[in-house]
Amino acid sequence: MDDRKFSVLIAGGGSTYTPGIVMTLLESQKQFPIRKLKFYDNDAARQKKIADAIAILMKERAPEVEFLATTDPETAFSDVDFVMAQIRVGKYAMRSVDEKIPLKHGVVGQETTGPGGIAYGLRSIPGVIELVDYMEQYSPNAWMLNYSNPAAIVAEATRRLRPNSRIINICDMPIAIMDRMAKIVGLPGRNDLVFRYYGLNHFGWWTDVRDKTGRDLMPQLKAYVAKNGYWLQDQEPGKEASWISTYKKAADVYALDPTTLPNTYLKYYLYPKYVVEHADPNYTRTDEVEAGREKTVFGECARVVANGTAKDIQFQASNHSTYIVDLCTAIAYDTKQRLLAIIPNEGAVANIDPEAMVEVPCLFGANGPERLSMGNAATFQKGLITEQNCVEKLVVDAYEQHSYIKLWEAMSLCKIVPDAQVAKDILDEMIVANKDFWPELK
Ligand SMILES: NC(=O)c1ccc[n+]([C@@H]2O[C@H](COP(=O)([O-])OP(=O)(O)OC[C@H]3O[C@@H](n4cnc5c(N)ncnc54)[C@H](O)[C@@H]3O)[C@@H](O)[C@H]2O)c1
Ligand SMILES: O=P(O)(O)OC[C@H]1O[C@H](O[C@H]2[C@H](O)[C@@H](O)[C@@H](O)O[C@@H]2CO)[C@H](O)[C@@H](O)[C@@H]1O
Ligand SMILES: [Mn+2]
């Protein structure tokens, strides 16, 4: 009988996703038992607001689990088995800038795609590399499951700058979509699907989806998505309008290739004009998140602290939290569960650059991900992936070489940006806005 219990560190303890992850960890004690839970953040005040509530929760529901929150790297990263990383370098203030500057130039302003994603990527690279270095210094046998975005650029940077690190970059978008697919075909959840998927992060397609008996679910899914996208009518009370619109827009993305099912993020690359026409340059997604998720999460934490009890705490598990715990479980117990991750291609998508960081199904075990072969990308996908992957590589080139030209090339090559002069105008504004975060570009 395996009586191991694990030590988990949440890096970015002040994240709005932290309470949901803690709820899943508490509900998963049979599947993935923990002995220690730590938070680490570089903003003590932000983290404390969440940690004070979670301390009450842990005392009431898991007093046997050691809990602490710290801003000290050695305290945080020592004696850790798994690091769950979810930092946002520059916080929402900089996400707001990432979204608003491009929109002023009539270009998509978005967290992880286009110029916004490029700017975010240059901020995130040093922050995530620092976490990897702390982990390797204090707990060299630990695994890092990294949600910190933009995962595509962070993944290329960690492949290049820390090639032997035990970091696995992940994304919950395909997971959320597969939970929807399961509902569309009347199955309990994503783990009841067997799928083939390939692409880059926030830039991928399903080519095959079956149930566990091998029944082909693609015809039923395609018929639904062609009409509704991934929007589940009336099954999502309170879902925000911007997300409803994104799920519905998948129908138009699907129309471009009815042989596959698309990731929702492709709308930004294939319908940028539509996105810009439906955006408000003065009130973007960050404003919605600050008025929504951030307010709700920090309000609930304050309520728990004020009441001195978490008996009626209003946080719950989500696909975001269950996914990262599924990954830790698969690694901890060598289960070989088939799970998506962003990994070095090395032939998984045979006709794409072997050094691309692709998002494909892997078998997860004690040695981490084992890639599954997804065959060749079709011509449409190959063209899109090759261009976008070069953008992501140019961003990491710009970071490594402190190169203005490389970053201008990345912005100009990006499918979302129509013109090299527009790219330059956006870039020059972003350099000023990111002066506290980016390397000085020559
Ligand atoms: N990969 C995915 O699919 C996925 C899904 C959801 C969220 N995310 C990402 O997770 C992250 C957290 O999202 P959020 O909305 O909760 O953000 P948030 O701003 O609420 O929390 C981020 C936390 O990171 C901390 N932080 C920033 N820089 C740091 C550094 N260098 N070292 C340590 N801590 C640092 C901040 O102080 C903050 O407490 C973001 O990067 C977001 O894009 C990714
Ligand atoms: O705009 P946000 O901050 O709500 O979400 C941006 C993230 O969207 C995807 O993840 C989640 C999202 O976090 C959650 O709010 C919900 O709406 O569902 C999405 C899919 O689970 C995306 O994968 C992340 O990379 C983004 O950061
Ligand atoms: Mn994602």
Side-chain angles (χ1 to χ4, degrees), residues 9-21 39-51 69-73 76-77 83-96 98-99 110-113 116-117 120-121 123-134 145-155 168-180 190 200-204 230 236 238-240 242-244 246-247 263-265 284-298 301 318-324 340-342 359 437:
L9 169 67
I10 296 179
S15 160
T16 59
Y17 294 92
T18 298
I21 289 180
F39 290 176
Y40 167 74
D41 204 295
N42 67 356
D43 180 337
R46 184 181 178 88
Q47 177 169 261
K48 183 174 184 337
K49 290 172 183 167
I50 292 185
T70 182
T71 56
D72 171 59
F77 285 85
V83 179
M84 298 180 170
Q86 45 182 30
I87 65 174
R88 185 183 294 278
V89 179
K91 294 201 184 75
Y92 289 138
M94 287 311 293
R95 175 178 177 176
S96 184
D98 294 342
E99 293 168 350
Q110 209 278 324
E111 180 198 30
T112 61
T113 61
Y120 189 13
R123 292 197 305 273
S124 296
I125 292 171
V128 175
I129 292 291
E130 183 182 61
L131 299 181
V132 171
D133 290 347
Y134 285 147
L145 285 306
N146 176 57
Y147 268 134
S148 310
N149 265 325
I153 292 171
V154 166
I168 300 162
N169 293 287
I170 60 175
C171 174
D172 65 3
M173 195 72 248
I175 309 313
I177 295 171
M178 285 195 282
D179 275 337
R180 291 165 180 275
R190 64 178 183 270
L200 307 171
N201 174 246
H202 288 184
F203 205 93
Y230 296 116
E236 317 234 11
K239 196 74 185 170
E240 292 158 302
S242 57
W243 271 104
I244 294 173
T246 289
Y247 284 121
N263 186 304
T264 47
Y265 272 90
T284 60
R285 180 63 193 153
T286 304
D287 302 295
E288 292 179 350
V289 173
E290 287 178 330
R293 184 171 70 243
E294 185 180 51
K295 197 155 170 252
T296 306
V297 167
F298 283 84
C301 287
S318 67
N319 41 58
H320 176 93
S321 56
T322 54
Y323 186 52
I324 200 165
L340 267 177
I342 306 158
E359 194 162 21
F437 301 97

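Each ligand, and each atom within it, is numbered from 1 in the order the structure gives.
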Determine the interplanar angle of the Tyr265 and His202 rings, folded into 0 to 90°, and report it as parallel if under 30°, tilted if 30 to 60°, perpendicular if over 60°. parallel

Please state which option from [options] has its nearest heavy atom closest to [atom].
atom: atom 7 (C) of ligand 2; options: Tyr265, Tyr147, Tyr120; value: Tyr265
atom: atom 2 (P) of ligand 2; options: His202, Glu99, Arg293, Glu294; value: Arg293
atom: atom 16 (C) of ligand 2; options: Lys239, Glu288, Arg285, His320; value: Lys239

Taking a cutoff of less than 4.0 Å between a non-hydrogen atom of the residue and any ligand atom, is Val289 in contact with ligand 2?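 Yes, Val289 has heavy atoms under 4.0 Å from ligand 2.
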
Neighbouring residues of ligand 1, heavy-atom cut-off under 4.0 Å: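 Lining ligand 1: Gly12, Gly14, Ser15, Thr16, Tyr17, Tyr40, Asp41, Asn42, Asp43, Arg46, Gln86, Ile87, Arg88, Val89, Lys91, Tyr92, Glu111, Tyr120, Tyr147, Ser148, Asn149, Ile170, Cys171, Asp172, Arg293, His320.
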
So for atom NZ, which belongs to Lys239, do other residues, nucleotides or ligands contribute more than 12 heavy atoms lying within a distance under 6.0 Å?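 Counting neighbours around NZ of Lys239, more than 12 heavy atoms of other residues, nucleotides or ligands fall under 6.0 Å, so yes.
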
Kindly compute the distance separating CZ (Phe77) from CG (Asp133), expressed to the nearest 0.5 Å. 10.0 Å

What lies under 2.8 Å from the Mn ion (ligand 3), restricted to protein N/O/S atoms, is Cys171 SG, His202 NE2

I'd like to check whether Arg88 has a polar contact with ligand 2, where a contact means an N/O of the residue lying under 3.5 Å from an N/O of the ligand.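 Such a contact does not occur with ligand 2.
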
Within-cut-off N or O pair, Tyr247 and ligand 2, under 3.5 Å: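 By distance alone, the answer is no.
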
Which residue and heavy atom of the protein sit nearest atom 24 (C) of ligand 2, plus the separation: Asn149 ND2, 3.6 Å

Residue that, paired with Arg285, satisfies side chain to side chain donor-acceptor pair (under 3.5 Å) out of Glu99, Glu111, Glu240, Gln110: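 In the set Glu99, Glu111, Glu240, Gln110, the residue that makes a side chain to side chain donor-acceptor pair (under 3.5 Å) with Arg285 is Glu240.
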
